[in-house]
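Here the structure is a predicted model, which means the values were calculated and not measured. In each ligand, atom 1 is the first atom listed, and ligand 1 is the first ligand listed.
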Amino acid sequence: MSTHASSIKITTKSIRERKGASKIVSLTAYTKPMAALMDPYVDLIIVGDSTGMVAYGLDSTLPVTLEMMIAHGAAVVRGAQRACVVVDMPFGTYQESKELAFRNCARVLTETGAQAVKLEGGEELVETVEFLVKRGIPVMAHIGLKPQHANVLGGFKAQARDEETTANLVEEAKAFERAGAFTVLIEGVFESAARQVTEALEVPTIGIGASWHCDGQVLVTEDVLGLFSDYTPKFAKQYTNLSKTIAEVFSQFEREVRQGDFPTKDHCFGVKE
Ligand code: KIV
């Protein structure tokens with residue numbers, strides 16, 4: 001069922017209550033115009049630290065700073081009338097201690113107006129999530145393939161490939177649920193692992209490269225639109241190729257300027273007829 005007609009703001013509570021009722025639709029955004037365009041169609045907008053790779057051309061998400069995430073988060077919130085906005089906490093801003101995590105997450109929520117934060121981690125992070133939620137910070141936990149852990153995981157490889165690692169993933173997800181996470185994002189895991197985690201939880205799972213079993217799906221918007229060609233993961237579906245359209249527009253602009261066809265009098269001030 002489409003929710004286009006409703007302009008009621010979607011909250012972390014209403015997302016949590018969607019488990020088993022209807023699929024949760026999510027995309028990433030880093031800017032106000034993109035957030036405004038997707039807002040009627042999505043339930044959750046994730047301001048991903050993927051912005052580091054997609055918008056800044058960095059090799060990984062690791063150099064992304066809190067200031068970058070706050071600037072992008074605030075821009076996205078200005079474009080999101082109804083969708084619930086979740087901002088990624090960048091590497092190094094929440095792992096050291098739960099107190100540091102609280103200070104940085106509180107900054108993100110107060111300075112952006114977003115409703116929740118997303119943290120990548122495993123059992124080492126459960127205590128921090130509980131600390132944050134008890135103090136009023138809604139948390140989405142990100143498990144499975146965790147790009148901030150790429151150096152430890154040995155790259156961007158699908159996770160939970162066997163029974164043991166799947167059982168660990170299920171335990172991790174359950175621990176985050178007990179700690180108060182309102183959703184668990186599962187990235188890049190084998191299909192059976194995504195099914196087992198989703199079945200084990202009362203909170204919704206949001207999948208990216210985690211099969212159809214999840215309660216919701218998210219993709220990186222630039223992958224969907226064909227705007228990011230450095231690397232396309234297997235799980236990303238490209239619905240269109242905007243890069244091609246944009247290149248055609250730039251080429252037409254170049255031609256018109258060089259030929260003196262732009263601007264015409266329609267684009268100029270004070271032209272006497
Ligand atoms: O950074 C990102 O874009 C993400 C996606 C999985 C939502 O974490």
Proximal ligand 1 atoms for Thr28, defined as those under 4.0 Å from one of its heavy atoms: 3 (O), 7 (C)
Enclosure of Lys134 NZ (heavy-atom neighbours >12, cutoff 6.0 Å): no
Co-membership, hydrophobic cluster, residues Leu27 and Met53, 4.5 Å side-chain: no
Ligand-side contact atoms (ligand 1) for residue partner Gly48, heavy atom cut-off under 4.0 Å: 1 (O), 2 (C), 3 (O)
Carboxylate-amine/guanidinium contact Glu99 Arg103, below 4.0 Å: no
For Glu187, atoms of ligand 1 separated by under 4.0 Å from a heavy atom: 6 (C)
Ligand 1 contact on Asp49 by region, counting heavy-atom pairs under 4.0 Å: both
Taking atom 4 (C) of ligand 1 as the reference point, the nearest protein heavy atom with its distance: Lys118 NZ, 3.7 Å
CA sep, side-chain torsions, deciding dist, call: Asp43, Arg18, salt bridge (Lys or Arg N to Asp or Glu O under 4.0 Å): CA-CA 10 Å; Asp43 306 307; Arg18 294 275 286 277; 3.0 Å; yes
Any N or O of Tyr30 closer than 3.5 Å to N or O of ligand 1: no
Subset of ligand 1 atoms that lie under 4.0 Å from at least one heavy atom of Ile208: 6 (C)
Pair Tyr56 + His72: ring centers closer than 6.0 Å: yes
Salt-bridge criterion met for Lys174 and Glu177 (N-O under 4.0 Å): no
Geometric N/O contact Asp88 with ligand 1, under 3.5 angstrom: yes
Residues Lys98, Glu127: salt bridge by 4.0 Å N-O rule: yes
Minimum-distance protein heavy atom relative to atom 3 (O) of ligand 1: Ser50 OG, 2.5 Å
